[in-house]
There are 2 protein chains.
Amino acid sequence: MSTGRKPRAKKAALVWERPEPDRRPAPAPLSREGIVQAAIELADKEGLDSVSLRKVGAALDAGPMRLYGYVATKEELLGLMVDEVYGEMISEGRIRGDWRKALRALAHRMRRAAREHPWFIDLLGGRPHLGPNSLAHLEASLAALSDTPGFEDIDAVMLAVMTVNAYVIGAIRTEVSELRAELQSGRNKAEWQTATGPYLQRMIATGDFPTLDKVLRDATHPSLDIVFDKGLECVLDGIAARLLR
Amino acid sequence: MSTGRKPRAKKAALVWERPEPDRRPAPAPLSREGIVQAAIELADKEGLDSVSLRKVGAALDAGPMRLYGYVATKEELLGLMVDEVYGEMISEGRIRGDWRKALRALAHRMRRAAREHPWFIDLLGGRPHLGPNSLAHLEASLAALSDTPGFEDIDAVMLAVMTVNAYVIGAIRTEVSELRAELQSGRNKAEWQTATGPYLQRMIATGDFPTLDKVLRDATHPSLDIVFDKGLECVLDGIAARLLR
DNA sequence: GTATTTGTCGATACAGTGTATCGGCGAAGG
DNA sequence: CCTTCGCCGATACACTGTATCGACAAATAC
């Protein structure tokens, strides 16, 4: 095509109108580590939905496309975030003690991590985690067990770790969902109960949920920590029972 | 403002250019149930990401905003989808048998539902589920236990149900993630293994993951069904152990 | 030294998303 | 028949992830 196209619209013809050669704030070092850090900070502060390539880029004085040099896709960035949290879990130190202590420690580490990064549990299980820290975490888990007596069989080790892991993930997921519900509709637990209370009471008043009614009326409602630990001990008991068989 | 604004640009002045009075394909009955059904069909077929208000609307010959009469937000639609699946689970019939049979049945129902609707597990735990079917499912679970001997204490019932639920959710989540990984990168399990294999082998060759190495080499790798059931029995054993104490 | 090639980088563009807004239309009321 | 009201849904907006490709800088060739 020969129709003379203008060189570029944005550049004013006169120097006086061009402010400066577009002042680069810095060569913008930028690194995968830095990007992941910024993304995590954003997710912690504003929630996972706020992690967009634009916002992460902006936090680093860069445009969205700049990140694509370090990450092929947003999925990959999320994967790196997950691996980073695994890294934090590992850095808490070696797991020691008998198998029960070890599994308990692993469970609590994960729970703590999920509390500090509420988005973590949402990302878990999206895709398998093959990052170095994930692998290291898995290795640490398996190693902690395979050293202890009663776990000579590698299949038993695998079963124990996977079962506890499944419980932990499910339990944390439920917890986080409850916490979010509280945080969302107002501020404290009381407000949430008064918000959903009427609806629930109306439902229960139908008489279709007698057992649920009994639970809400008679059951002691322990703190989340206690519920988590009780369930965990339950699972551990199950593993113990299988060991002796 | 008095500047004569044009009546409407889209309407051609001549009748011949206006095709028809915009032929309504039908008064478009439209109902919450229908919308949810369409959304579920879409999610089953094309994945959860494809569930957009526009596409759901299109499936019902309606614009996006039409749906907002039946649903205040997309979140609400997703909530309805979840409740619908709970409904399917309930409709499989009453839970019967001793507590172990009952819990096993509940677990397998959920797993089956998650297989038919792979998006289900992703939505679980986002927010608490207070829909009628969710409540009915919970009621059925609690009722199935509170009838059986050994579960007079309502707290014990709650603990057992919640623990099994946590395990099931976590286990299914892990499973689905593995399945997705296989389906994604090619077609069958072999292809996936040859895709990620080299990377894993290189990682293991570093010698940093000896136990993981042993697992990959020595462990029998049972089918997903067997793994799930073994873990489940493990948890059930734990509950049994607590019952006798 | 200049001319040409090359390769990278990021602004722009695009096809989507969820949802707020408000003009136009049908129905109700005088 | 005219007016008024309410509601519905087309349009618009702000935002997303990412493909594209022109412009610039460094490297190479002469």
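Please read all numbers here as calculations on a predicted model, not as lab measurements. Chain A is the first sequence line, chain B the second, and so forth, proteins listed ahead of strands; every chain is numbered from 1.
- B/Thr73 has no side-chain polar atom (N or O) that falls below the 4.0 Å cut-off from OP1 or OP2 of C/dG18.
- When rounded to the nearest whole Å, the span between CG of B/Leu77 and P of C/dT17 equals 14 Å.
- Contacts with DNA chain C (heavy atom under 4.0 Å) in residues 42-54 of chain A: A/Arg54, listed by number.
- Within the 4.0 Å cut-off from OP1 or OP2 of D/dT16, at least one side-chain nitrogen or oxygen of A/Lys55 is found.
- Not counting sequence neighbours, B/His137 has no partner by the side chain to side chain donor-acceptor pair (under 3.5 Å) test.
- In this entry the distance linking NZ of B/Lys74 with P of D/dT16 reads 15 Å, nearest Å.
- The side chain of B/Arg66 approaches D/dG9 more closely than any other nucleotide in the set C/dG10, D/dG9, C/dG18.
- One end of the helix from C/dG1-D/dC30 to C/dG30-D/dC1 points its axis 30° away from the other end's axis, with each axis taken from 5 pairs and the angle rounded to 10°.
- Taking atom CE on B/Met65 and atom C1' on C/dC22, their separation rounds to 11 Å, with Å as the unit.
- Residues satisfying the side chain to side chain donor-acceptor pair (under 3.5 Å) criterion with B/Glu46, sequence neighbours excluded, are absent altogether.
- Atom CD of A/Glu76 is separated from atom P of D/dG17 by 14 Å (rounded to the nearest Å).
- The salt bridge (Lys or Arg N to Asp or Glu O under 4.0 Å) contacts involving residues 67-79 of chain A comprise A/Glu75-A/Arg127, where partners must be two or more places apart or lie in separate chains.
- Residues satisfying the side chain to side chain contact (heavy atoms under 4.5 Å, CB included) test with A/Met203, not counting sequence neighbours, are A/Tyr199, A/Phe209, B/Pro132, B/Leu135.
- At whole-Å resolution of the value, CG in B/Leu78 and C1' in C/dT17 are 13 Å apart.
- Rounded to whole Å, the distance from CG on A/Leu67 to C1' on C/dA11 is 14 Å.
- Judged as a side chain to side chain donor-acceptor pair (under 3.5 Å), and not counting sequence neighbours, B/Arg54 has no contacts.
- Per the geometry, CG belonging to B/Leu60 stands 13 Å off P belonging to D/dG9, to the nearest Å.
- Nearest approach of A/Val56 to A/Leu42, heavy atoms of both residues: N-CD1, 3.9 Å.
- By the salt bridge (charged side-chain N to carboxylate O under 4.0 Å, His left out) test, B/Arg112 is found to be paired with B/Glu92, residues two or more places apart in sequence or in another chain being considered.
- By the side chain to side chain contact (heavy atoms under 4.5 Å, CB included) test, A/Ala140 pairs with no residue at all, sequence neighbours left out.
- A close approach under 4.0 Å does occur between a side-chain nitrogen or oxygen of A/Tyr68 and OP1 or OP2 of D/dT18.
- In terms of heavy-atom proximity, A/Val227 sits nearest to A/Tyr167 at O-OH, 3.9 Å.
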